[in-house]
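Taking it in order: structure first as structure tokens, then the write-up.
Hydrogens, waters and symmetry mates are skipped; everything else that's a heavy atom, side chains included, is used.
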Amino acid sequence: MSSEQQIEVSQAPHAASYDVRAVQERWRAVWDELNPFEADEADETRERRYALTMFPYPSGDLHMGHGEVFALHDMLARYWRLRGYNVLNPIGWDSFGLPAENAAIKRNENPATYTYANIETQAESIRRYGVSFDWTRRLHTSDPEYYRWTQWLFTRFYERGLAYRKASNVNWCPNDQTVLANEQVVNGVCERCGAVVTKRELTQWYFKITAYAQRLLDDMDALRGSWPDHVLAMQRNWIGRSEGAWVDFAIEGRQEPVRVFTTRPDTVYGATFFVVAPDAPLAAEIVAPEQVEALAAYLEQTNKATEIERQSTEGAKTGVFLGVHATNPLTGEQMPVWAADYVLADYGSGAVMAVPAHDQRDLDFAHTFDLPVRTVVAVPGEDDPAVSGVATTGDGDYVNSPALQGIATKTEGVRHIIDKLVADGRGEAAVTFRLRDWLLSRQRYWGAPIPIVHCGSCGEVSVADEDLPVRLPDLRGTDLAPKGTSPLAAATGWVSTTCPSCGGAARRDTDTMDTFVDSSWYFLRYCSPTYSDGPFDPAAVARWMPAEHYFGGVEHAILHSLYSRFFTKVLHDMGMIDFVEPFTAHTNQGQVINQGRSMSKSLGNGVDLGQQIDDFGVDAVRLTVVFAGPPADDIDWADVSPSGASRFLQRAWRIAHDVTSDVGADPASGDPTLRKITHKTVHDCQELLDSHRFNVVVARVMELVNATRKVIDASAGSGGADPAVREAAETTAILLSMVAPYVAEEMWAVLGHEPTVALATWPAVDSSLLVEDTVICIVQVSGKVRGKLEVASDIDDAALEALALAEPNVQRFIDGRDVRKVIVRAPKLVSVVV
RNA sequence: GCCGGGUUGGCGGAAUCGGUAGACGCGAUGGUCUCAAACACCAUUGUCCGAAAGGAUGUGUGGGUUCGAGUCCCACACCCGGCACCA
């Protein structure tokens, strides 16, 4: 910083308030010049910490949700910086994606135009919001220098067999005209646009995330306690591990037996029919000639049903007999084989053994089609399902089960049957997962092109590293309109290329990648955003990763988090990084709502972040969201008071202006009570911040300001000369800088410090000031508070007991009764039992 | 149905080691200032009894453990979130 730079501060000595706008302008300029928030790549003396927050998608300007997450995240980042850590706090944009493409079609332009204009707007708003980002590391996933490496990673996954193409029945959004991952279909509708999702048989690209299912599950153990419980629970549900067995069923007319998965191999004796998913290849394969037509009709009916109808558990079961029989491997009985849509084609083998007595779905189906029910577990206290119509699943005595005589528990029964199946060569223990492979190809333009070339003679060939990135051709307007195939397919000049392998004519793959691919590794790129020899500099990543804390929305609890965890594990296996989990700790901030409901145009209850800032100032808005409650809780804007926050900040500012002692005045000579409060506040705030209880930190700073005000006002206005008041005011400025950086800078400057409170350090706590000379001791009689005593904090038990028993009101309640016991917890409590 | 989280004044919340329940703030009421209002400042503010001292009661419901429970245990109710024909 040049020495001639002077920071002008509103110096009117007894001004009642400050000009919020002027202050915001002034300090933003100082931060831009000094860049106090840049991570120091070279500094080896300070411990490093990586503070990560989910990068925004550039649709329009920032909204209240951004205001909340940035305020919370920044409080933590600034706290770490104050505590002396070398903090990496980067920002970027998740800038590929459909909204920009849809906007571009309407505006007849390239999506980049809209995207980068929005990014500039948001960047300006974020800077105004005073978030302590390191702007030198800014990245955008739609930049060719970024997606070059997204493509590079794809080719590495491809080489390892983790990216592959297959044909299957996939989710199709008729509105966006693209396929969707399972994760993007919510209650049968497109998560993005709300259109009812249908199924289509298409060949698509997948990432083999299922190969990592067990590790994704196991490694969550290390996250317990530092990730939200519900996020871990959601991921666990999503992965959906289940233990059971593969059981072989011979099917007439088929050479090989069909393996089906069951979690209840102990109920094979109760299997009375066999069900295949109508859309599984197996159904068409085994159907008897005379039933081919019936199956085709049923399949058509099933496919027409929307996902919502199909997934509905209401309503009668449907199905069609396939005209063949399967053999129960334990009873040898012939069981009819049916096709029914309650069996899912892509789970297990797409077929199940039906045990109607002990599975409600099978029982409902059996009732609909009048199929036999055989109870094999007699559960005590429950009616026979064959009679009651309610399937039982509990432990009980096995009946009709020759191999399970005398066994009384499910666990034992399961193990027993698995052993038997293994011995007979008809099955084995098995684990299946609900998790499916990640469908990553999209038939849209504004994403990273899949770096694969299709060659007539060589087949799929990945583009050579030195030819990356495969850049998007410049398409705009109606060229981008959804047609069911990728817009890239229409760019014929772009599509035709030469085969990297044989040099012959070939075609580029015309799909682009799901934007979740882009965001699965951006946190790694931040560590070395301009690195050109790979997606990231391994040394830089080793320095900063894993991120100590990740702030973001709960809407990414499954998708983005799971995918990022998957990428991290793959990169670990590739030897590029030495950790297996990317985010050590994770917090989901709540939503900002208004009047009990989500903000929406139709309800007219929207709250505009920019307007709030114009009305109350950045500091007051940030303080409001932090003070509203715990970070994970929703904030109802109708319940909070930015004007109250603003009032408090003015009070704090006046404290600094009332300080009349000189810089460096020795606080030791100051008011001892205030000093204790100051040091206790710093000490407590440290613990509160370490456990992310940011709202309580604000409350404690408010208490400090209140206490300081009292001292200033006490001695007829001369209290401002007390060095303890200066100490309190400086402490307030530093603590406040985490939440309300602008007013904190004003305070810091008026207190005679420069150049910026952003370079201040956490106040040292004098532990001798944390010890109270006297404390209030409460005295209970029969568990009720009957007296309070002010006693020396080092009083011994005997003396305290004597004092307590002598207290008049305590005496009154003992009232001559026998004192049976006295519990003394000196110096805070005496409990008298009568 | 399964999984996860929760239920504390008029409101947001605090009490995170089992030890004064209601910190801090909002709102409300009264007051000072003002011709008046706004702002600001001061005081009061869980409920009930009481002039006060003080007492009773009180953290979703019912039980339990303990000298002592918002906090621990058991059962239940309700609310929020996620998943849901995954065999």
Side-chain angles (χ1 to χ4, degrees), chain A residues 16-17 186-187 228-238 240-242 244 247 260-264 267 271 275 277 310-315 317 340-344 346-355 358-362 364-365 432-436 554 557-558 588 590 623-624 627-630 632-645 647-648 650-651 654 687-688 691 693 695-706 709 713 776-788 809 812-813 820-825 828-834:
Chain A
S17 65
V186 177
N187 293 326
D229 290 337
H230 65 278
V231 173
L232 296 177
M234 282 161 77
Q235 295 212 1
R236 203 172 300 116
N237 287 343
W238 193 263
R241 182 183 198 274
S242 71
V247 184
V260 301
F261 179 73
T262 176
T263 54
R264 292 296 305 274
T267 63
V275 190
R310 205 185 146 162
Q311 285 182 3
S312 166
T313 52
E314 316 292 309
K317 294 269 187 287
D341 67 357
Y342 80 91
V343 172
L344 305 175
D346 55 357
Y347 184 74
S349 58
V352 300
M353 65 171 197
V355 184
H358 307 296
D359 183 297
Q360 192 61 46
R361 298 156 299 185
D362 296 340
D364 292 343
F365 191 83
T432 60
F433 295 92
R434 211 190 71 120
L435 182 71
R436 310 295 154 81
V554 70
I558 300 177
N588 291 134
L623 186 83
T624 301
F627 185 52
D633 288 7
D634 286 353
I635 299 172
D636 192 329
W637 207 249
D639 291 337
V640 298
S641 174
S643 61
R647 262 198 310 274
F648 163 71
Q650 298 283 359
R651 275 161 53 77
R654 281 197 296 275
E687 284 185 357
L688 290 164
S691 48
R693 283 144 70 206
N695 55 323
V696 191
V697 171
V698 172
R700 301 306 304 276
V701 177
M702 286 173 168
E703 288 181 78
L704 176 59
V705 167
N706 293 344
R709 184 81 258 160
D713 291 348
I776 302 294
C777 171
I778 59 157
V779 186
Q780 299 178 337
V781 180
S782 303
K784 292 190 195 297
V785 179
R786 297 303 181 186
K788 294 175 188 180
N809 204 44
R812 192 157 76 85
F813 278 88
R820 293 200 316 219
K821 196 170 163 191
V822 180
I823 292 138
V824 184
R825 296 275 182 278
K828 295 194 73 175
L829 177 122
V830 176
S831 184
V832 181
V833 188
V834 293

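- Separating the P atom of B/rA38 from that of B/rA51 is a span of 34 Å, rounded to the nearest Å.
- Across all strands shown, B/rC17 has no partner, as no Watson-Crick or G-U wobble contact with both distances under 3.5 Å is found.
- If you take atom P in B/rU59 and the same atom in B/rU8, they sit 11 Å apart, rounded to whole Å.
- In this structure, B/rC83 forms a base pair with B/rG1, meeting either the Watson-Crick or the G-U wobble geometry with both donor-acceptor distances under 3.5 Å.
- A/F365 comes within 4.0 angstrom of no nucleic acid atom, judged by non-hydrogen atoms across all strands.
- Taking the side chain as every heavy atom from C-beta outward, A/R709 and A/R654 approach each other to under 4.5 Å.
- For A/V785, taking side-chain heavy atoms from C-beta onward, the closest of the listed nucleotides B/rG5, B/rA21, B/rA56 is B/rA21.
- Scanning atom types as modelled, one donor and one acceptor separated by under 3.5 angstrom connect the side chain of A/S831 and the base of B/rC67.
- Comparing the C1' positions of B/rC11 and B/rG82 gives an interatomic distance of 28 Å, to the nearest angstrom.
- Pairing of B/rU59, defined by two Watson-Crick or G-U wobble distances under 3.5 Å, is not identified with any nucleotide.
- With both pairing distances under 3.5 Å, B/rU32 is matched to B/rA40 as a Watson-Crick or G-U wobble pair.
- The distance from atom CD of A/Q650 to atom P of B/rG25 is 16 Å, rounded to the nearest whole Å.
- For the pair A/R693 CZ and B/rA15 C1', the interatomic distance rounds to 9 Å; values are reported in whole Å.
- A/A233 comes within 4.0 angstrom of sugar-phosphate atoms only, judged by non-hydrogen atoms across all strands, and of no base.
- Mapping A/R236 and A/R434 onto RNA chain B by nearest heavy atom places A/R236 at the nucleotide closer to the 5' end.
- Between the OH atom of A/Y347 and the OG atom of A/S242 there is a distance of 3.0 Å, given to the nearest 0.5 Å.
- We find that CD1 of A/I823 is positioned 12 Å from P of B/rA69, with the value rounded to whole Å.
- Separating the NZ atom of A/K788 from the P atom of B/rA21 is a distance of 8 Å, rounded to the nearest angstrom.
- Annotation: of the two residues near RNA chain B, A/V830 and A/E703, the 5′-most nearest-nucleotide partner is A/V830.
- Distances from the side chain of A/D359 to the nucleotides B/rG13, B/rC83, B/rA87 place B/rA87 closest.
- When both pairing distances are held under 3.5 Å, B/rG12 makes a Watson-Crick or G-U pair with B/rC24.
- With hydrogens and angles ignored, no donor-acceptor pair closer than 3.5 Å exists between the side chain of A/Q360 and the base of B/rG1.
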